Amino acid sequence: MFKMNNTDTGVKAFITGFKTQELSAKIQECKDGECSCNCDPQIMQKITNIEVTSENEGTNIVITGDVDSKELEPLMRGCLL
């Protein structure tokens with residue numbers, strides 16, 4: 001499952017079927033500019049923080065910055081799934 005919604009400060013996503021450690025590693029590569037996916041540098045500059053936490057059935061990803069789910073969802077699907 002992959003759910004995303006906008007928050008007052010950015011975007012929150014919930015993903016199931018993956019280990020939190022795997023997703024954290026992929027996100028760190030994107031933050032470092034070393035990812036193998038098609039990250040958009042302009043969108044990455046709008047992001048001020050990314051928090052990844054494990055929950056009972058999946059992984060929560062909270063992205064803070066001047067972004068919305070409409071622009072992030074295709075990038076996240078391409079990079080993380």
Side-chain angles (χ1 to χ4, degrees):
M1 176 189 352
F2 181 80
K3 284 193 322 185
M4 274 187 100
N5 59 332
N6 291 321
T7 66
D8 290 341
T9 57
V11 174
K12 183 175 183 178
F14 183 72
I15 301 173
T16 60
F18 297 90
K19 293 183 178 179
T20 300
Q21 296 89 341
E22 291 173 2
L23 293 174
S24 292
K26 287 181 178 186
I27 289 169
Q28 189 60 49
E29 288 175 358
C30 289
K31 286 167 72 174
D32 294 341
E34 299 172 359
C35 60
S36 59
C37 57
N38 192 18
C39 287
D40 184 337
Q42 290 180 325
I43 291 177
M44 292 304 291
Q45 288 178 357
K46 296 179 181 181
I47 296 171
T48 56
N49 190 40
I50 302 174
E51 285 183 48
V52 181
T53 56
S54 180
E55 199 173 283
N56 293 339
E57 308 257 335
T59 303
N60 275 315
I61 302 172
V62 178
I63 301 167
T64 306
D66 185 22
V67 291
D68 65 41
S69 61
K70 197 176 204 177
E71 66 183 339
L72 284 183
E73 184 172 1
L75 294 174
M76 289 181 71
R77 284 187 182 276
C79 282
L80 301 178
L81 306 183

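Residues take their numbers from the sequence shown, with the count starting at 1. Since the model is a prediction, treat every value here as computed from it, not as a measurement.
Interatomic distance, CG of Leu23 versus CD1 of Ile15, reported as 5.0 Å (0.5 Å rounding). The CD atom of Glu29 sits 11.5 Å away from the OG atom of Ser24 when rounded to the nearest 0.5 Å.
The side chain to side chain contact (heavy atoms under 4.5 Å, CB included) test applied to Asp32 returns Gln28, Glu34, not counting sequence neighbours. With sequence neighbours excluded, the residues forming a side chain to side chain contact (heavy atoms under 4.5 Å, CB included) with Gln21 are Lys19, listed by chain and number.
Within a 6.0 Å sphere centred on NZ of Lys31, heavy atoms belonging to other residues, nucleotides or ligands number more than 12.
Other residues sharing a hydrophobic cluster with Val62 under the 4.5 Å side-chain heavy-atom criterion for ILVMFWY residues do not exist; the residue is a singleton.
At a threshold of 4.5 Å between non-hydrogen side-chain atoms, the residues Lys12 and Ile61 do not count as touching.
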Quiz: residues 69-81 side-chain donor-acceptor pairs under 3.5 angstrom, not counting sequence neighbours:
residue : atom : partner : partner atom : Å
Ser69   : OG   : Asn6    : OD1          : 3.3
Glu71   : OE2  : Asp68   : N            : 3.2
Glu73   : OE2  : Arg77   : NE           : 3.1
Glu73   : OE2  : Arg77   : NH2          : 3.1

task = Walk me through it: do Asn5 and Val11 pass the test side chain to side chain contact (heavy atoms under 4.5 Å, CB included)?
result = CA-CA 6 Å; Asn5 59 332; Val11 174; over 6 Å; no
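Hydrophobic clustering (side-chain heavy atoms under 4.5 Å, transitive across Ile, Leu, Val, Met, Phe, Trp, Tyr) keeps Phe18 apart from Phe14. The cluster map of Ile, Leu, Val, Met, Phe, Trp and Tyr, joined by side-chain heavy atoms under 4.5 Å apart, puts Met44 and Ile27 in the same cluster.
Sorted by first and then second residue, the pairs that involve residues 55-65 and meet side-chain hydrogen bond (donor to acceptor under 3.5 Å, both in side chains), not counting sequence neighbours, are Thr20-Thr59, Glu55-Asn60.
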